[in-house]
2 protein chains.
Amino acid sequence: MQSQRLPTLEDVARVAGVSRATVSRVVNGVRNVDPQLHEVVWSAVEQTGYVPNRLARSLVTRRSGTVALVVSDSETHDDDPFMSRFFADPYFGRVVGGLMSVLRPAGVQLALQMVGAEGHRRLVGDLRNGQADGAVVLSLPARDPLPGLLAEARIPAVLIGRPAEPLPISYVDLANETGAALAAECLVARGCQRVSMISGPADVPASQDRITGFHRAMARHGHAWVPSAAGNFTRESGEQAMRALLAEEPDGVFVANDLMALGALLVLRDAGKRVPEDVAVIGFDDSSAALAARPALTTIRHPLEDMAAEAAKLLLARVEDPAGRVSSVIYEPTLVRRQSA
Amino acid sequence: MQSQRLPTLEDVARVAGVSRATVSRVVNGVRNVDPQLHEVVWSAVEQTGYVPNRLARSLVTRRSGTVALVVSDSETHDDDPFMSRFFADPYFGRVVGGLMSVLRPAGVQLALQMVGAEGHRRLVGDLRNGQADGAVVLSLPARDPLPGLLAEARIPAVLIGRPAEPLPISYVDLANETGAALAAECLVARGCQRVSMISGPADVPASQDRITGFHRAMARHGHAWVPSAAGNFTRESGEQAMRALLAEEPDGVFVANDLMALGALLVLRDAGKRVPEDVAVIGFDDSSAALAARPALTTIRHPLEDMAAEAAKLLLARVEDPAGRVSSVIYEPTLVRRQSA
DNA sequence: TTGTACGCGTTATCAC
DNA sequence: GTGATAACGCGTACAA
């Protein structure tokens, strides 16, 4: 049951018998300080239990020691059609984990900022006002204006996943086309003759790249036409798409993410198809779901944690030097051979 | 390429031809304002593109409009043994989603605060300094001093999961014993004679409750002894535990969470056991993993999103009225019958 | 109803 | 090296 008011620099100064300027210098480790006082001040800090007020500090330094994780969704949700899906998906957690692995050692905090189109102005304002030093952006909508706004406002920002259109903003991404091509090669090498694809939404960049990458690679091997069905990256939608594709009697199917692949596996199983003997299945992401599936999912590894960590590093560097070059880091996916193909 | 400096209240006041106090009142919706000026001021706000500086505002109001999601881990990690596990687990995402569902409509931001024992003092200080109005605490370690510290400092806080020892702090929890008992009843009703359990870590409250609840219920039906093996809530540990338990030749097994149950299912399958004919399996949590499993997992529903949402509500209420009663909300689990039992 | 003036807790720029 | 003092941007008694 301590005093309600927290000790301030002034209080510490009084106890130490110095001015608050000196205390500030000591606390912030400025060198022009008499070692004598140094001691005195620190013990006064201990004694009073002083903790610097970050708000007050940020107000003057214009540095908050915080970065924002912006989840941009831009759609208005009646109830909860998207949010619960998004957070329950391994994607979100993997990104947070990757970010934290570099942010935490750096002593930087993470603020979660879900925002729709209505909130763009406010968000940009808050960021310019110094509420956060920069932003890592998870842009979900197809043509999201937010990345452009951030670039225009010269706010240090890094996208996870390339922007829909070229923009002076840093980003990390996966070579999605390459990944899809890897899957195609594998299927072709297996001797699959009737290959189908379950894709993600047609309007998000990562999904587009997987589609074009797969089609292009298949065409290279003479398969001009690949029957496809689109899902929305959930397991349920994967089941639905697989059911629709059953009519094509495929002997191989590439699924744009593991969750949907899981759904596909279930449908195939229920349809009496053996995997991979009757139909080979390849997923995408190498999320934990892939290992848990039976048969274990052959999939394209997507090093999301590493990518998020890199995004954090890029962002911190940009905060340090805002004039630096906008850079992009593209990760190369690899094929993880397991049992489904 | 706008001016680098953002407009302040003063700038808006100049444009509107009033004092900055008036602008402040208008922006904050105080009623004593001439409708005339009201208009003038708002258009000046539009014109200048003014966005209130939350830092400055918080400094004086001592309200930040932010709550902290504190992940308390207290163990020092060499590299990353725990963090990636934790974030990849559906648990984290479900909690964030639940919190957001009430925080976002309320216009409250969420700040993620991972903190070990070294950071406790700093965290409490930051919170008392008004960096956040309150905290939702995910306390992982067995005997975590943090909840006690928060209570002592009279910081509005709500725990997800009961504290290890009684404490004047609000929390939401699941009736874990009841859930475990439900599983026991189901197994007994099936006629299982050789029942085993795969538990979580022995030192975390939720895990303990599931253990005691299960044993007690089994005892009530004459089963004094239940062979057990402990895991750490990961799928891998579930596999390990199941392998160890195979020697007991169980015809029924209760697993303390779905992820481990998934692992158990895999091991049983590889061991040539049919589920549920040879051995019935019941999981816990009803996470998305349960539906994806084959056979689909019979499990105990744990309404984590609802619980997190309730935690957010309790917290906001407490922020509003810090003198209010510390309250606990206990959710009743239910049995979700699917195919594994 | 509106404006003046002070304080929130820090850091930074000066003289000393 | 150290101590006043002016910002930082805002809310709000208090006075008008």
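The figures here come from the full heavy-atom set of this structure, side chains too, leaving out hydrogens, waters and symmetry mates. Sequence lines set the chain letters: A, B, ... in the order given, protein chains first and strands last, and positions in each chain run from 1.
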Enquirer: Any base atoms under 4.0 Å from Thr61(B), or only sugar-phosphate, or nothing? Heavy atoms, all strands.
Expert: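 Touches sugar-phosphate only.
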Enquirer: From the list dC8(D), dA4(D), dC10(D), which nucleotide is the closest neighbour of the side chain of Val60(B)?
Expert: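 Given the options dC8(D), dA4(D), dC10(D), the side chain of Val60(B) is closest to dC10(D).
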Enquirer: Which value, in whole Å, describes the distance between the C1' atoms of nucleotides dA16(D) and dT12(D)?
Expert: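 Approximately 16 Å lies between the C1' atom of dA16(D) and that of dT12(D).
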Enquirer: With DNA chain C as reference, determine whether Asp34(B) or Ala21(A) sits nearer its 5' end, using the nearest nucleotide of each.
Expert: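 The residue mapped nearer the 5' terminus is Asp34(B).
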Enquirer: Which of parallel (below 30°), tilted (30 to 60°) and perpendicular (above 60°) describes Phe92(B) and Phe92(A)?
Expert: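 Rings of Phe92(B) and Phe92(A): parallel, under 30°.
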Enquirer: Do the side-chain N or O atoms of Arg20(B) get closer than 4.0 angstrom to the phosphate oxygens (OP1, OP2) of dT4(C)?
Expert: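 The answer is no; no side-chain N or O of Arg20(B) sits under 4.0 Å from OP1 or OP2.
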Enquirer: Can you tell which of dC8(C), dG3(C), dT12(D) lies closest to the side chain of Thr22(B)?
Expert: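 Closest of the options to the side chain of Thr22(B): dG3(C).
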Enquirer: Can you tell which of dT11(C), dT10(C), dT12(D) lies closest to the side chain of Asn53(A)?
Expert: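 Minimum distance to the Asn53(A) side chain belongs to dT10(C).
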Enquirer: Would you kindly give the CD-to-C1' distance between Gln131(A) and dC8(D), to the nearest whole Å?
Expert: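 Those two atoms, CD and C1', are 16 Å apart.
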Enquirer: What nucleotide, of dG9(C), dT11(C), dT12(D), holds the atom closest to the side chain of Ser24(B)?
Expert: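 Side chain of Ser24(B) sits closest to dT12(D).
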Enquirer: What contact category does Leu37(A) fall into here, base, sugar-phosphate, or nothing, at under 4.0 angstrom with non-hydrogen atoms?
Expert: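 Sugar-phosphate, no base atom in range.
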Enquirer: Could you state the atom-to-atom distance from CG of Leu55(B) to C1' of dG11(D) in whole Å?
Expert: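 For the pair Leu55(B) CG and dG11(D) C1', the rounded distance is 15 Å.
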Enquirer: Whole angstroms only, please: what is the CZ-P distance between Arg128(B) and dC8(C)?
Expert: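 Value for this atom pair: 16 Å.
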Enquirer: Does Arg31(B) place a side-chain N or O at less than 4.0 Å from the phosphate oxygens OP1/OP2 of dT1(C)?
Expert: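 Checking Arg31(B) against dT1(C): no side-chain N or O falls below 4.0 Å of OP1 or OP2.
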Enquirer: Would you indicate which nucleotide in dG9(D), dT10(C), dG11(D) comes nearest to any side-chain atom of Leu59(B)?
Expert: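 When the side chain of Leu59(B) is considered, dG9(D) is the closest of dG9(D), dT10(C), dG11(D).
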Enquirer: Categorize Arg62(A) for me: base, sugar-phosphate, or nothing, with a 4.0 angstrom heavy-atom threshold over every strand shown.
Expert: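 Here Arg62(A) touches the backbone only, sparing every base.
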Enquirer: Applying the side chain to side chain contact (heavy atoms under 4.5 Å, CB included) test to Arg318(B), which of Asp133(B), Val326(B), Val158(B), Ile169(B) qualifies?
Expert: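 Exactly one option meets the side chain to side chain contact (heavy atoms under 4.5 Å, CB included) with Arg318(B), and it is Val326(B).
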Enquirer: Compare the minimum distances between each of dC10(D), dT10(C), dT13(C) and the side chain of Arg25(A), then state the nucleotide with the smallest one.
Expert: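 Nearest listed nucleotide: dT13(C).
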Enquirer: Using atom CZ of Arg63(B) as one end and atom P of dC10(D) as the other, report the distance to the nearest whole Å.
Expert: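 Atom-to-atom, Arg63(B) to dC10(D), this comes out as 19 Å.
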Enquirer: Select base, sugar-phosphate, or nothing to describe what Asn129(A) touches, counting heavy atoms under 4.0 Å on all strands.
Expert: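 Asn129(A): no heavy atom of the nucleic acid under 4.0 Å.
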Enquirer: Distance-only, no hydrogens or angles: does the Asp173(A) side chain make a donor-acceptor pair with backbone N or O of Ile160(A) under 3.5 Å?
Expert: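 Side chain of Asp173(A) to backbone of Ile160(A): no pair is present.
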Enquirer: Send over the distance from Leu6(A) CG to dC8(C) P, rounded to a whole Å.
Expert: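 Computing the Leu6(A):CG to dC8(C):P distance gives 14 Å.
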Enquirer: Distance from Ser327(B) atom OG to Leu314(B) atom CG, nearest 0.5 Å?
Expert: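 One gets 4.5 Å once the value is rounded to the nearest 0.5 Å.
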Enquirer: Output yes when Arg63(A) and Glu320(A) qualify as a salt bridge under the 4.0 Å nitrogen-oxygen rule, no when they do not.
Expert: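 Yes, this pair counts.
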Enquirer: When we call it a touch if two heavy atoms are under 4.0 Å apart, what does Leu9(A) touch: a base, just sugar-phosphate, or nothing?
Expert: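 Touches a base.
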Enquirer: Is the shortest side-chain N/O distance from Asn28(A) to OP1 or OP2 of dT11(C) below 4.0 Å?
Expert: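 The answer is yes; a side-chain N or O of Asn28(A) sits under 4.0 Å from OP1 or OP2.
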Enquirer: Using the side-chain heavy atoms of Val33(A), tell me which of these nucleotides is nearest: dG3(D), dT1(C), dT2(D).
Expert: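 Minimum distance to the Val33(A) side chain belongs to dT2(D).
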Enquirer: On the nucleotide dG9(D), are OP1 or OP2 found under 4.0 Å from the side-chain N or O atoms that Thr8(B) carries?
Expert: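 For dG9(D), neither OP1 nor OP2 has a side-chain N or O of Thr8(B) closer than 4.0 Å.
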Enquirer: Whole angstrom is fine here: how far is it from CZ in Arg5(B) over to C1' in dA7(D)?
Expert: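 Between C1' of dA7(D) and CZ of Arg5(B): 11 Å.
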Enquirer: Provide, to the nearest angstrom, the distance between the CG atom belonging to Asn32(A) and the P atom belonging to dT11(C).
Expert: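 Result: 16 Å.
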Enquirer: Could you walk me through whether Asp89(B) and Arg94(B) satisfy the salt bridge (charged side-chain N to carboxylate O under 4.0 Å, His left out) test, starting with their C-alpha distance in whole Å, then the side-chain angles of each, then the deciding distance to 0.1 Å, before giving a yes or no?
Expert: CA-CA 9 Å; Asp89(B) 196 288; Arg94(B) 291 179 71 188; over 6 Å; no
